[in-house]
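Chain letters run A, B, ... following the sequence lines, proteins first and then strands; every chain starts at 1.
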2 protein chains.
Amino acid sequence: MNPDMSQNCLPAEMLARPAVLLGRLGTAMKMESMERFEAAGFSVYHYGVLALLDEGERQTQATIADALGVDRSMLVGLLDQLEERGMIERRRDPNDRRRQMVKLVPAGRRQLAEFRKIVEKIEDDFLAPLDEEERATLHDLLLRVAAHRDTRFVPAQTSVS
Amino acid sequence: MNPDMSQNCLPAEMLARPAVLLGRLGTAMKMESMERFEAAGFSVYHYGVLALLDEGERQTQATIADALGVDRSMLVGLLDQLEERGMIERRRDPNDRRRQMVKLVPAGRRQLAEFRKIVEKIEDDFLAPLDEEERATLHDLLLRVAAHRDTRFVPAQTSVS
DNA sequence: TATTGTTATACTCTATAACTATA
DNA sequence: TATAGTTATAGAGTATAACAATA
């Protein structure tokens with residue numbers, strides 16, 4: 001109908017590449033997430049920290065930073081903010097006073113529940129055109145790609161020891 | 001084996017979310033692309049511009065910027081660089097001297113061929129764990145998600161007029 | 001001397017706003 | 001007055017480097 005519609009489009013050769021779509025969509029996804037967390041008075045990184053600590057106390061800040069893939073110097077500010085709001089606790093390791101042990105406290109656990117709602121909403125909005133099965137397929141494909149290039153994406157074994 | 005291995009991992013609840021994987025992988029994809037294009041002396045945006053112009057001359061710079069989703073002020077520099085290297089030509093529209101018509105010239109077409117090799121290499125490295133059929137599935141899913149939220153991802157109709 | 005956490009610095013990216021010329 | 005393109009400015013975000021305390 002409108003002969004100019006193709007003028008608004010990305011080049012067909014780019015649309016044909018899964019890698020291009022992945023890059024564009026992933027970036028959009030990240031921006032969307034950041035905006036929604038900002039709107040809630042937090043950042044996406046706060047979610048990552050709380051989700052990580054929900055799996056257990058950490059003996060050093062460095063392991064948190066490494067697991068989440070953020071710089072250690074950046075993590076300091078994130079933990080400061082979470083601590084100020086009473087969501088985590090830091091305390092020095094008595095055996096090695098350079099280290100800070102970090103753990104989640106009840107208020108943090110409650111906030112994590114709120115964060116999960118935000119994440120579910122984002123995902124649901126974003127993946128709206130896909131049904132449950134298709135989302136599972138997408139997840140499987142992405143997880144394999146992610147695990148292949150970064151061991152941080154390899155799901156942890158349930159240790160028997 | 002190593003009891004600390006799960007310490008390096010992202011939280012399981014994040015790994016379980018396709019949206020999280022999409023955001024992380026997409027960002028990694030974009031960064032990887034930028035680095036490889038930088039290494040070749042260009043930027044990913046140069047590829048976008050050439051790929052777009054390969055589909056036909058443009059009557060204004062604004063349609064290029066809008067289609068690629070970059071700011072018009074940013075496009076100026078990209079076109080300057082491509083013009084300096086003799087890959088595109090700009091000329092004023094005689095009917096409206098505010099406008100610049102932009103088209104690809106042979107050297108640009110040759111460079112585009114090089115860019116395509118880079119993109120194919122990136123994609124192949126990135127999607128290494130997926131076979132052809134799985135890549136097609138991934139592409140289909142991503143395209144539907146992309147088209148749903150942004151008409152620039154709706155593949156252009158082959159016009160009959 | 002090396003490591004943990006912290007603070008300070010510098011730089012890149014990009015969004016916004018001004019500005020010029022044409023209409 | 002509005003639009004196309006251009007240039008200049010400013011601010012956010014982040015990577016790097018320096019620093020203090022402890023080992």
Side-chain angles (χ1 to χ4, degrees), chain A residues 4 7-8 23-24 27-28 30-39 41-46 48-49 52-53 57-84 88-103, chain B residues 4 7-8 23-24 27-28 30-35 37-39 42-46 48-49 52-53 57-84 88-103:
Chain A
D4 283 349
Q7 293 271 309
N8 308 326
R24 294 257 171 179
T27 306
K30 191 182 182 183
M31 287 178 59
E32 180 80 22
S33 304
M34 291 197 297
E35 280 166 19
R36 297 212 198 176
F37 272 86
E38 298 289 328
F42 290 89
S43 93
V44 251
Y45 299 108
H46 290 131
V49 173
L52 194 76
L53 293 178
E57 182 174 2
R58 289 282 171 152
Q59 302 308 310
T60 70
Q61 295 186 180
T63 66
I64 302 173
D66 292 349
L68 295 177
V70 304
D71 195 273
R72 295 167 191 203
S73 66
M74 186 185 172
L75 184 68
V76 175
L78 293 171
L79 293 179
D80 286 348
Q81 292 150 7
L82 290 171
E83 197 175 30
E84 277 169 25
I88 61 154
E89 269 180 19
R90 280 196 275 210
R91 68 176 211 281
R92 291 279 166 194
D93 180 341
N95 299 322
D96 183 345
R97 293 190 37 72
R98 291 173 305 182
R99 300 186 167 194
Q100 299 258 46
M101 304 187 294
V102 188
K103 74 171 181 197
Chain B
D4 284 349
Q7 293 271 309
N8 308 326
R24 294 257 172 179
T27 307
K30 191 181 182 182
M31 286 178 57
E32 180 80 24
S33 303
M34 291 196 298
E35 281 166 20
F37 273 86
E38 298 290 327
F42 290 89
S43 95
V44 250
Y45 299 108
H46 290 130
V49 173
L52 193 77
L53 292 178
E57 180 174 3
R58 289 280 172 155
Q59 302 309 309
T60 69
Q61 295 186 182
T63 66
I64 301 172
D66 293 348
L68 296 176
V70 304
D71 195 273
R72 296 168 191 202
S73 66
M74 186 185 173
L75 183 70
V76 175
L78 293 171
L79 293 179
D80 287 347
Q81 291 150 8
L82 290 171
E83 195 175 33
E84 277 168 26
I88 61 153
E89 269 180 19
R90 281 196 275 213
R91 68 175 211 281
R92 293 278 168 193
D93 180 342
N95 300 321
D96 181 345
R97 291 192 36 74
R98 292 173 304 181
R99 300 186 165 192
Q100 298 260 44
M101 305 188 292
V102 187
K103 75 173 182 195

Is the phosphate of [N], meaning OP1 or OP2, less than 4.0 Å from a side-chain N or O of [X]?
X	N	result
A:R90	C:dT6	yes
B:Y45	C:dT14	yes
A:Q61	C:dT6	yes
B:Q59	D:dA4	no

Among B:D96, B:N95, B:V102, side chain to side chain contact (heavy atoms under 4.5 Å, CB included) partner for B:R99: B:D96

For the student: nearest non-hydrogen atoms of A:L78 and A:S43, plus distance: CD2-OG, 4.0 Å

Sugar-phosphate, base or nothing in reach of B:T60, heavy atoms under 4.0 Å: sugar-phosphate

Touch class at under 4.0 angstrom, heavy-atom based, for B:D96 against every strand present: sugar-phosphate

Options C:dT6, D:dA21, D:dG5, nucleotide nearest the side-chain atoms of A:V76: C:dT6

Comparing A:K30 and A:R98 on DNA chain D - which has the more 5′ nearest nucleotide: A:K30

Side chains of A:D80 and A:R90 in contact at under 4.5 Å (non-hydrogen atoms): yes

Closest-nucleotide ordering on DNA chain C, the 5'-leading residue of A:L79 and A:M31: A:L79

